[in-house]
Amino acid sequence: MSVSVTVRNLLMATACLLTPALHAITFEDYVDPNSQWDEAYVTGQFAANNTAFNAEQANQSLTQAEIDAGASLAREDFQGSYDLTLNANYRRVFSTLPLVWSLEASATGSLSRGDERGARSTDNIASRAVGRYDNYRERYPNQFWFTGGEFRDDSPGNDPYAFVQGGIGFGRAINATALAKALRLVSVLQDYSLLTIYPSDVVLLHLAQTINREPEYRANFGDDGFREAWFDQIEETLIGAGLIGGTGLGALGVIKMDEVLIRENINTREHGLVARIGIGYVISDPAGNEGEPAINLNFRFAKPFGYRAQLIEDASFSRSLERSGTGTFRNQLIYTYEMSDVVDWVNNWSHIRQEGNRDDTLSSGFVYDISNTLEFDLALILSRSDEDAVSGVKGRLSTSLRYRLR
C-alpha cells in the first residue's frame with residue numbers, strides 16, 4: 001500500500017470520527033457531474049374509462065336551450081371504453097464536466113375503443129426518438145451550447161415529424177443516484193451490525209463516487225466479472241474509512257452488497273436546473289409545416305426532498321417564426337415518494353396548450369416492485385381536453401406491468 005493511500009485512508013477515518021451527526025448529508029451535496037447510465041423497459045398497460053362519469057359530464061356540457069328542448073345524454077349513449085398499450089422505452093445518458101449527451105427512444109402499440117355508443121376499436125403504432133448534445137465552456141462551466149433533434153412517427157399513413165435545433169443554455173442537472181445507493185447500502189450494513197461506526201458525509205461522498213464507477217468496471221471486466229473487482233473496491237473504501245475491520249465484510253456483507261447494488265431497484269435521484277433557448281428547423285411535419293424555423297425555450301428543474309421524495313419539473317415553449325399564433329406550451333410535473341423499499345407513490349401532472357386548445361392529465365398511483373426487473377402499477381387518471389367531443393373531466397383506472405431489460 002502506498003504512502004498516499006495510507007494518508008488518504010487516515011484522513012477519511014479521522015473525518016468520519018470528527019464530523020458531527022447534526023449535519024446530515026443531502027443529495028445536493030453530491031456535485032460530481034460524471035455519470036453514465038442507461039435503462040430499457042417494456043410496459044403493458046390497460047385502462048378502463050368510467051362511462052357513467054363521462055355521461056354526467058356530457059349532460060353538464062349541454063346548453064340551456066338544448067336542455068329546454070329536452071336534450072339529454074344517458075348511460076345508454078355510452079359504452080365501456082378502454083386503452084390497451086404496449087410500450088418499449090430506452091434511455092442512455094453520458095455526463096462529464098465538458099459535455100453531456102443523451103438519447104431517448106420509444107415505440108408504442110395501442111388498441112383502444114371510444115366511449116360513444118357504436119364506436120369500434122382502433123389500433124396504432126407510434127415511435128419517437130430524441131437526441132441532445134451539450135458542450136460546456138471550459139472557463140464558464142455552467143454555460144453551454146447545444147444541438148439536438150427529434151423524430152416522431154405517430155401514424156403510418158402520415159408523414160413523420162422531424163425537427164433539428166441548436167442554441168445556448170445555462171445550468172446543469174446532476175444525477176445523484178450513486179449517493180442514494182451509498183446511503184441505502186450503509187443502512188443495510190448497519191442493520192446487520194456490519195459497520196463499526198456510521199460514516200461521515202466525506203466518506204459517504206467518496207463511497208458514492210466508488211459506486212458510480214460501475215460502468216467503468218463493466219467495461220474493463222465484462223458483465224460476468226465486474227462484480228468481484230467492483231465489490232473489492234467498495235470494500236477497500238469501507239476499510240480505509242475505518243467502517244469495517246481489516247478482514248472485510250465477509251459473505252453476509254457481499255450478499256447484501258449484491259442485493260442493494262445489483263438486485264434492488266433504486267429510483268433516480270437528480271438535482272439542479274437547466275435552461276435553454278434555441279432556434280430549430282422543421283424538416284418534416286404531418287401538418288405540412290416543414291421548412292419553417294421556430295424558437296424554442298426549455299426549462300428543467302429537479303429537486304429531492306429528504307431521502308425519499310423527488311420533484312422534477314419540465315416546461316417548454318415553441319413558436320414558429322413565420323406564422324402568427326400562440327405557439328405550443330408543454331409542462332410536466334412529477335412527484336415521487338418512496339413509501340418503502342418496494343412501494344413508490346407516483347404523481348404526474350401534464351399540461352399542454354396549443355393553438356388555443358388545452359389538455360390536462362393528472363395521475364396518481366402506486367408502483368410495487370415485484371422484483372428488481374418487474375413492477376406493477378395501479379393509478380387513477382383524470383383528464384380533460386378542449387378537443388374531446390364530450391367536455392369535462394374523464395376518469396379512468398389504469399394498471400400496468402413493467403419489465404426492466406437494463
Side-chain angles (χ1 to χ4, degrees), residues 1-13 15-16 25 27 30-40 91-97 100-101 174-269 341 371-373 404-406:
M1 181 179 294
S2 65
V3 175
S4 60
V5 173
T6 303
V7 173
R8 184 194 65 183
N9 293 341
L10 180 60
L11 290 175
M12 292 178 62
C16 183
I25 194 171
F27 289 121
Y30 189 85
V31 294
D32 184 2
N34 298 291
S35 65
Q36 179 181 348
W37 57 278
D38 61 349
E39 59 182 6
R91 185 183 183 192
R92 183 172 181 84
V93 179
F94 178 84
S95 175
T96 62
L97 186 62
V100 178
W101 64 263
I174 301 294
N175 187 326
T177 309
L179 180 56
K181 292 181 178 181
L183 290 167
R184 174 64 180 149
L185 177 61
V186 166
S187 176
V188 171
L189 296 179
Q190 191 176 36
D191 289 341
Y192 285 87
S193 302
L194 295 174
L195 297 183
T196 56
I197 54 175
Y198 192 82
S200 69
D201 293 356
V202 174
V203 174
L204 281 171
L205 290 173
H206 184 70
L207 177 61
Q209 291 174 336
T210 304
I211 292 175
N212 194 41
R213 295 173 59 190
E214 177 186 356
E216 175 186 332
Y217 284 94
R218 284 185 181 269
N220 293 334
F221 299 96
D223 291 338
D224 296 330
F226 82 97
R227 294 189 193 185
E228 181 179 352
W230 187 37
F231 287 178
D232 281 345
Q233 185 61 52
I234 294 174
E235 191 176 56
E236 287 183 13
T237 301
L238 297 175
I239 294 174
L243 303 183
I244 59 178
T247 57
L249 288 172
L252 178 60
V254 173
I255 291 174
K256 294 306 172 183
M257 272 202 295
D258 186 77
E259 288 181 355
V260 172
L261 301 179
I262 302 297
R263 292 191 286 168
E264 188 172 319
N265 184 23
I266 297 178
N267 291 328
T268 300
R269 287 291 180 261
D341 295 335
S371 68
N372 68 314
T373 58
R404 181 170 185 168
L405 301 174
R406 296 183 62 90

* Mind checking the NZ-CD spacing from Lys256 to Glu264? Nearest 0.5 Å is all I need. => 10.0 Å

* In this structure, are over 12 heavy atoms from other groups packed under 6.0 Å from Glu39 atom CD? -> yes

* Asked: With a 4.5 Å heavy-atom cut-off, do Met257 and Ile234 have their side chains touching?
  -> yes

* Structure fact -> To the nearest 0.5 Å, atom CD of Gln190 lies from atom OH of Tyr198 at 6.5 Å

* Structure fact -> Value for OH (Tyr217) from OG1 (Thr210), rounded to nearest 0.5 Å, stands at 7.0 Å

* **Glu235 side-chain N/O to Leu249 backbone N/O, donor-acceptor pair under 3.5 Å** => yes

* Asked: For the residue pair Leu207 and Thr237, what are the closest heavy atoms and their distance?
  -> CA-CG2, 4.2 Å

* To do: Show your reasoning for whether side chain to side chain contact (heavy atoms under 4.5 Å, CB included) applies to Phe27 and Thr177.
  => CA-CA 8 Å; Phe27 289 121; Thr177 309; over 6 Å; no

* **Audit row: Val186, Leu243, side chain to side chain contact (heavy atoms under 4.5 Å, CB included) steps and yes/no** => CA-CA 10 Å; Val186 166; Leu243 303 183; 5.6 Å; no

* Asked: Do you know which two heavy atoms are closest between Gly253 and Leu194, and how far apart they sit?
  -> CA-CD1, 3.7 Å

* Between Arg184 and Asp341, does a side chain to side chain contact (heavy atoms under 4.5 Å, CB included) hold up when you go through it step by step? -> CA-CA 10 Å; Arg184 174 64 180 149; Asp341 295 335; 2.8 Å; yes

* Which atom names give the shortest non-hydrogen contact between Ala178 and Ala208, and what distance separates them? -> CB-O, 3.4 Å

* Which atom names give the shortest non-hydrogen contact between Tyr30 and Ala176, and what distance separates them? -> CD2-CA, 3.8 Å

* Check: Phe226 and Asn220 side chains under 4.5 Å, non-hydrogen atoms -> no

* Would you find a donor on one side and an acceptor on the other, under 3.5 Å apart, between the side chain of Thr196 and the backbone of Gly242? -> yes

* Can you check whether Asn34's main-chain N or O pairs, donor with acceptor, with Ser95's side chain at less than 3.5 Å? -> no

* Straight-line distance of Ser371 OG to Arg404 CZ, nearest 0.5 Å -> 11.0 Å

* Asked: Given side chains that start at C-beta, do those of Ile244 and Leu189 come closer than 4.5 Å, heavy atoms only?
  -> no

* Asked: Can you tell me how far the CG atom of Asp258 sits from the CZ atom of Phe231, to the nearest 0.5 Å?
  -> 5.0 Å

* Beyond-backbone contact of Gln36 with Arg92, side-chain heavy atoms, under 4.5 angstrom -> yes

* To do: Please report the shortest heavy-atom distance between Asn175 and Ser35, naming the atom on each side.
  => CB-OG, 4.1 Å

* Start with the C-alpha distance between Ile255 and Tyr192, add both sets of side-chain angles, then the distance that settles side chain to side chain contact (heavy atoms under 4.5 Å, CB included), and finish with yes or no. => CA-CA 12 Å; Ile255 291 174; Tyr192 285 87; over 6 Å; no

* Nearest-0.5 Å distance that lies between atom CZ in Arg91 and atom CG in Asp38 -> 11.0 Å

* To do: Check whether any side-chain heavy atom of Ile174 lies under 4.5 Å from a side-chain heavy atom of Asp32, and answer yes or no.
  => no

* Side chains of Glu216 and Gln233: closer than 4.5 Å at any heavy-atom pair? -> no

